[in-house]
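One structure is given below, encoded as structure tokens.
Chain naming here is simple, since letters A, B, ... match the order of the sequence lines and numbering starts at 1 in each.
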Protein chains: 4
Amino acid sequence: MKSIDKHRKIIRAATKVFAKKGFFNARISDIAKEAKVADGTIYLYFKNKFDILISVFEQEIGKLIGQITLLLNKEDDPKVKLEIFITKHLEEMKKNRNLAEVIHIELRQTNKLIREYRKNNFSQYLNILSSIIIEGQEKKVFRNDIVPDLAKQIIFGSLDEISRIWGPSNDIDQDFTVEEVSAQLTSIFQQGVMGQPE
Amino acid sequence: MKSIDKHRKIIRAATKVFAKKGFFNARISDIAKEAKVADGTIYLYFKNKFDILISVFEQEIGKLIGQITLLLNKEDDPKVKLEIFITKHLEEMKKNRNLAEVIHIELRQTNKLIREYRKNNFSQYLNILSSIIIEGQEKKVFRNDIVPDLAKQIIFGSLDEISRIWGPSNDIDQDFTVEEVSAQLTSIFQQGVMGQPE
Amino acid sequence: MKSIDKHRKIIRAATKVFAKKGFFNARISDIAKEAKVADGTIYLYFKNKFDILISVFEQEIGKLIGQITLLLNKEDDPKVKLEIFITKHLEEMKKNRNLAEVIHIELRQTNKLIREYRKNNFSQYLNILSSIIIEGQEKKVFRNDIVPDLAKQIIFGSLDEISRIWGPSNDIDQDFTVEEVSAQLTSIFQQGVMGQPE
Amino acid sequence: MKSIDKHRKIIRAATKVFAKKGFFNARISDIAKEAKVADGTIYLYFKNKFDILISVFEQEIGKLIGQITLLLNKEDDPKVKLEIFITKHLEEMKKNRNLAEVIHIELRQTNKLIREYRKNNFSQYLNILSSIIIEGQEKKVFRNDIVPDLAKQIIFGSLDEISRIWGPSNDIDQDFTVEEVSAQLTSIFQQGVMGQPE
DNA sequence: TATGAATGAGGTTTCATTCAT
DNA sequence: GATGAATGAAACCTCATTCAT
């Protein structure tokens, strides 16, 4: 029986290799070597190279959704929920730099396929954000004129761009901590750049 | 003498092809055909395939910098400047979808090379944003605790993610206009999601 | 102990798969699936893929030799024997299209190996034909200047080419019956195209 | 401009390699080396490996058609025409053993594609045979009950099977000359095995 | 300067065969 | 004996780049 363990090993290896070299520059043999399996073995678990990318993404985003949902369920205040989302996302990206790379590098490499895919797990992830906005509007905490479907993209875009500064091969000394960045982002999205900090 | 016209033709063709197929899936022969030159001719004007990408980017971002700088120079209020930047960026991306694609797809495909490059023209573009923030802080319009270097990334990330919804092959009916999106973004960055709209 | 039943099942499956896909396009796993055994099991019964082909051939030609020999033993007239051979061969090929395909497609795919093999069962089959000729010459029914070793190839070649028109995926409406073809062939080989039909 | 000379060189090399190794065992790099071009060059002239096979066949059969047609046009007697066809075919196969191999080995390897292809050049070749039969019948030289479409296959099948004994790697000493074989075949097809030789 | 035919390295994928269970 | 997951060699084909014309 195909071992679930080997599947995991390949996913982990692929995440690492994709993060380091990018999807197109990653060779199957790199992933195989990293996973310590034969090249052919990979094709017992994945349809083709692109299928590996999709699986990496699906798997990792799935985990993220689980973790964040758990955290959010313990909280009522939409304002705090937004902060939690921002902090958790940044924390994860800092911890799992490979995933961060895969998201922002690979997510944009192909066009049609990824777009199609986005309707699945990834859009579910983004929809957590819009739910928070909607809930905040219902509870009169957030402004009514915020468009949740725009806001979710604005917030995610910021997070994704920011998390790039932690990318593995980044030489620039960017010594912002997660806390600093998270506080800054939360503050900007809550009060804007003009309002007075709370 | 190498004709500047042919250089331009190739750049234009490459922008189109990169936008449509992505950097790695674009073939030199595609670009050559689109530019109506021979494959070999391209190598009289560019060192290699990646050099074309860099040049496309440099050229287009350069144009953008020029245009935005011109607009901003006519204005004093940092609040308005921020709005202008946001609106202009979105307008350009909507108008020049190929560039939008090249920015958000290609800019993230390679790693080291692009990062290196970013120190040049692109970071100059982002620095327009931080200058606006700094100017706003000096004029006491923006909060002092905003970190300009973070804010520039937050804002650009938002813009870039948002501008993807206008991507060429996007089937989803996203009927937000530039005005709507621009207003929303400006408002969020100015007052945040909690404050009251002006 | 290796079950003779499983051996048979694999042979039958291989015949079917080879006929449908051709030797080189047939995969071991196709044969295994068709035979409802595991891939590895096949290697308990056969040395390698080519060995299966040889065995299929040996087995089927063996059966044919048995059947035809039986029929011929009941008959004395070499003229009738020739007719019997022709008719029986064609009947079998029409009935067992898979075998027909295996003979004319596969028999020619490999070179040295098949040629070597031909010294065994298949040449025995052809020698039935030359025996008939020789017997006919001894009984003064056939011309003395016929070279039996050439005649056997001439006759087999005709039969084999003809039997291709009944191949499984042949769309052309070739509505010659076995009887028509058999009569035609027998007549041509007996009287030639010039003589008057009997 | 793609040189016609290189096309020819590749065809010639492919004929040789296919004849020696068989289509499936022939590697593109074998053909390239034999033709003294780079592997990639082959794909400037042919769509894929199978396309090379088709082209080899088309080309060679085309030449054959031309030569035989020329010879036949000089002759009126269908009986002699039949003899000419038989002799010429055998001569060519003996001279160009590679072609003989390609015909009887490769022609049968694939199924649908070749069958489809056969409607073109090859079937034209076979139709020369049926035309001779028909002409013979009209001139009352050949029996009326011969079915031309069967006869053409019978004759070609014989020729093809016979010409195999001249195959390149055939160790068996088959010392029949073209003349012997041709005479034998002609005689069998004209008078049958029973009639008296002329 | 421009061409485009030629190159050839290199990658994805297949699949016969092996071997631990 | 039977299994089928694992192996890894090998091959087709692509395409960036070169260079003779």
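- Shown here are the side chain to side chain donor-acceptor pair (under 3.5 Å) partners of C:Lys9, two or more places apart in sequence or in another chain: there are none.
- Per the geometry, NZ belonging to B:Lys36 stands 17 Å off P belonging to E:dA2, to the nearest Å.
- Heavy-atom minimum distance, D:Tyr45 versus D:Ser3: OH-N, 3.1 Å.
- F:dT17 atom P lies 10 Å from atom CG of B:Asp51, rounded to whole Å.
- With sequence neighbours excluded, the residues satisfying side chain to side chain donor-acceptor pair (under 3.5 Å) with D:Lys16 are D:Glu34.
- Stem regions annotated for DNA chain E: E:2-21 with F:2-21, counting only runs of 3 or more consecutive pairs of Watson-Crick or G-U type with both contacts under 3.5 Å.
- Residues meeting the side chain to side chain contact (heavy atoms under 4.5 Å, CB included) test with C:Arg27, sequence neighbours left out: C:Lys21, C:Ser29, C:Asp30.
- By the side chain to side chain contact (heavy atoms under 4.5 Å, CB included) test, A:Arg12 is found to be paired with A:Arg8, residues two or more places apart in sequence or in another chain being considered.
- Across the protein-nucleic acid pair, B:His7 atom NE2 and E:dT1 atom C1' stand 16 Å apart, rounded to whole Å.
- Between the NZ atom of A:Lys33 and the P atom of F:dT7 there is a distance of 15 Å, given to the nearest Å.
- Residues forming a side chain to side chain contact (heavy atoms under 4.5 Å, CB included) with A:Glu60 (at least two apart in sequence, or on another chain): A:Thr15, A:Val56, A:Lys63, A:Asn96, A:Leu99.
- Summarising the geometry of C:Ala13 relative to C:Ile31, their closest heavy-atom pair is CB-O, 3.7 Å, with the distance given to 0.1 Å.
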Distances under 3.5 Å between protein N/O atoms and the N/O atoms of nucleotides 11-13 of chain E, please, pair by pair.
unit_1: E:dG11; atom_1: OP1; unit_2: A:Arg27; atom_2: NE; d: 3.2
unit_1: E:dT12; atom_1: OP1; unit_2: A:Ala26; atom_2: O; d: 3.3
unit_1: E:dT12; atom_1: OP1; unit_2: A:Lys49; atom_2: NZ; d: 3.0
unit_1: E:dT12; atom_1: OP2; unit_2: A:Ile28; atom_2: N; d: 2.9
unit_1: E:dT13; atom_1: OP2; unit_2: A:Tyr43; atom_2: OH; d: 2.6
unit_1: E:dT13; atom_1: OP2; unit_2: A:Lys49; atom_2: N; d: 3.1

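- Rounded to whole Å, the distance from CD1 on D:Ile42 to C1' on F:dC15 is 16 Å.
- Ranked by how close their nearest DNA chain E nucleotide is to the 5' end, B:Val37 and D:Leu44 are led by B:Val37.
- In this structure, CD1 of B:Ile31 is placed 16 Å from C1' of E:dG4, rounded to the nearest angstrom.
- Considering only residues two or more places apart in sequence or on other chains, C:Asn48 meets the side chain to side chain contact (heavy atoms under 4.5 Å, CB included) condition with C:Phe50, C:Asp51.
- Distance A:Phe46 CZ to F:dA6 P: 12 Å, rounded to the nearest Å.
- For the pair A:Lys6 and F:dA5, the criterion of a side-chain N or O lying under 4.0 Å from OP1 or OP2 is not met.
- Atom NZ of A:Lys21 and atom P of E:dG10 are 12 Å apart (whole Å).
- Listed by chain and residue number, nothing satisfies the side chain to side chain donor-acceptor pair (under 3.5 Å) test with D:Tyr43 (two or more places apart in sequence, or in another chain).
- OP1 and OP2 of F:dG1 both lie 4.0 Å or more from every side-chain N or O belonging to C:Tyr45.
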